[in-house]
Visitor: 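Attaching a single structure in C-alpha cells format; questions to follow.
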Amino acid sequence: MIESGERNAIDKHVSLNLNVRGMPESATLLINEISRRLQHDGREIYRLGLGQSPFPVPRVVVNALRLYAKEKDYLPVKGLRELRGAVAEFHREKDQVNARPEGVLVGPGSKELMFLLQLVFYGEILVPTPCWVSYVPQARILGKQVRLIPTSYEEQWRVTPEMLLRICEHEYDTYRPRILVLNYPGNPEGGTYSADELKSLVDIARRYELIVLSDEIYGQLHFEGAHVSVARFYPERTIISSGLSKWCGAGGWRLGTFTFPPELEWLLNAMAAVASETYTSVSAPIQYAAIRAFRGDVSIERYLWHARRILATLGNWCHNKLSAAGIRIHPPEGAFYLFLDFSLLADTMAQRDIRDSETLCQRLLEEVGVALLPGTAFERPRDELTARLAYVDFDGSKALAASETLPLDQRLPDDFIHKCCHGVVAATEKIVEWVSKG
Ligand code: PMP
C-alpha cells in the first residue's frame, strides 16, 4: 500500500503531461507573488514587474458594462456580430487596413487566442527575442517547435530582414509553414518598427510565404498616436492581434481579438472549432461593453491622448535617469516598458557577485525593494544582464485627472511625474543609487 504523501510525489513525477512537467507559473505572476510576500513582511516594494495598465477603463465603457450586466446568453463562438463589425471598423479606421467583420475572432484575451493559434497551426513559430513572456511557454505546453531569433541592443532589439533571410534561405524545406511573431510597440523593449522597417521585413515574409502574427496590443499606446500595422503592407498573410487589455485598461475583463484576411480564414475556422469545445464564447456583458469601446468616441480619444502623454513623459524621464547611471536603454516609443541592459556595468556587478539576470533582479528586490523581471523571462540568455522595467506603479486615475486639467497641446510640467507617478520615480532613483554604490 502506498501512503498518500508518496502517492502525490509519484503522481507529480509520472502522471503529469511531459510538456508541463516542472513548468513554473508565468514569470510575471511569480515576481508579483514574491513582492506581495515581502510587502506582507512590512517592506516597501516598488512593483515594476507586472505589466498592467495603470489607467482605469474609460467611463463610457464602464457604463456600457453596467447597462449590459443582465445579458446572460451564450454568444456565438466567434463573437457577437456587432462586436466583430466594430473591431473590423476600428482596424479599418486606425490602421487603414481592409478588415472585415467575418475576419474577426473574439476570444477571452489575446493570450488565449495565441494559444489556440499555436494549437491549430502545423508548422514552425519564429519569435524574435527579447519577446513577451508567454509565446514560448505556450509552444512548450503544446509540444511545438519555436525558433528563437535573438536580436541585440545595437539593433534596437528588432528583427532585421537579414536575420529572417538567414533562417528562411538555409532551410531544407524553404516553404515549410511558418508564423513570424512581431510585437510592436513591444513588450519588453517599448520600441516599435518604422513603416520602412516593416516593408523590408515584408519583402522577405512574402518571398517565403510566412504568416505574420502581428501582436499590436499596444498599438494605441504609441506615444505619438502614429502606430503603423504591418497588415498595411502585407494584408494577405497578416493576423492582427489586439484587445481591450492595454489601451482600454481592461486586462481583467479578458477580451482579445484576432483579425484575419480572407486568405487565412481556414485558421480562424479551426481556432473557432477548438474554442467551441473549450470556452464556448467570451462573457456576454463584456462583449456588449466592448462594442462601445471599439466604436470609440471623443471622450475615449481624449483619454488615449492623456494616457500617451503621461506614459511618454514618465518613460522618457526614467530612460534619462537610468541611462545617465550607465544602464543601456533605448528611448521608449510606446507601451509602458523599458528593457534595461546592465552589460556596461558587468565588472562592478561581478564584484557584487551578480553574473546573471535572475540574481540581478533578486538582489534589486531584496536590497532596495524594486521588482523587475529578469531577461530570462523574455528568452534572453541567463548570463546576459538584462531586465524589464514596467513603469506602471502609480495611480492612473489620479494622473489622468491631473493631466486633464492641462491643455493637450502642451508638455506636462516638470513636477508632474513627481507629483503623480511618485512610486515609479522613487523606484528609478533607488535603482540609480543601487547601481552607483559600485
Ligand atoms: N501580447 C503582449 C505583448 C502582452 O504584453 C500581453 C499582456 N501582457 C498580451 C499579448 C496578452 O494580453 P491579453 O491576453 O490580456 O489580451
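Count residues from 1 along the sequence. Only a predicted model underlies this, so the values are computations on that prediction, with no experimental measurement involved. One-based numbering, in listed order, for ligands and for the atoms of each.
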Visitor: Considering non-hydrogen atoms of the protein only, which is the closest contact for atom 11 (C) of ligand 1, and what is the distance?
Guide: Ser110 OG, 3.4 Å

Visitor: Over all heavy atoms of both residues, which pair between Gly423 and Tyr46 is shortest? Give the atoms and the distance, please.
Guide: O-CD2, 3.4 Å

Visitor: Of all the atoms in ligand 1, which lie at a distance below 4.0 Å from a heavy atom belonging to Ser245?
Guide: 13 (P), 15 (O), 16 (O)

Visitor: Check Glu301 with Lys94, please: is the shortest side-chain N to carboxylate O separation under 4.0 Å?
Guide: yes

Visitor: Can you list the ligand 1 atoms lying under 4.0 Å from a non-hydrogen atom of Asp215?
Guide: 1 (N), 2 (C), 3 (C), 10 (C)

Visitor: Need the ligand 1 atom indices (1-based, order shown) with element for anything under 4.0 Å from a heavy-atom of Gly109.
Guide: 14 (O), 16 (O)

Visitor: Got a salt bridge between Glu379 and Arg388, using NZ or NE/NH1/NH2 to carboxylate O under 4.0 Å?
Guide: no

Visitor: Note the single closest protein heavy atom to atom 4 (C) of ligand 1, along with its residue, its atom name and the distance in Å.
Guide: Trp132 NE1, 3.4 Å

Visitor: Using a 4.0 Å cutoff against the non-hydrogen atoms of Asn187, which atoms of ligand 1 qualify?
Guide: 3 (C), 4 (C), 5 (O)

Visitor: Do Glu154 and Arg328 sit within salt-bridge range, that is, some charged N less than 4.0 Å from a carboxylate O?
Guide: yes

Visitor: Give yes or no for whether the N/O distance cutoff of 3.5 Å, strictly under, is met between Glu112 and ligand 1.
Guide: no

Visitor: So, are Glu366 and Arg363 salt-bridged, with charged N and O less than 4.0 Å apart?
Guide: no

Visitor: For Arg206, is there an ion pair with Glu236 - N to carboxylate O distance below 4.0 angstrom?
Guide: yes

Visitor: Counting only heavy atoms, tell me which of Lys246, Glu216, Lys111, Met114 gets closest to atom 8 (N) of ligand 1.
Guide: Lys246

Visitor: Does this structure show an ion pair linking Glu209 with Arg237, if we count only N-O contacts that are shorter than 4.0 Å?
Guide: no

Visitor: Could you tell me which atoms of ligand 1, counted from 1 in the order shown, lie closer than 4.0 angstrom to a heavy atom of Asn183?
Guide: 3 (C)

Visitor: Less than 4.0 Å between a side-chain N and a carboxylate O, is that true for Glu265 and Arg100?
Guide: yes

Visitor: Give the atoms of ligand 1, by number and element, whose distance to some non-hydrogen atom of Arg254 is under 4.0 Å.
Guide: 13 (P), 14 (O), 15 (O)

Visitor: Output yes when the distance from some N or O of ligand 1 to some N or O of Tyr337 is under 3.5 Å, and no in every other case.
Guide: no

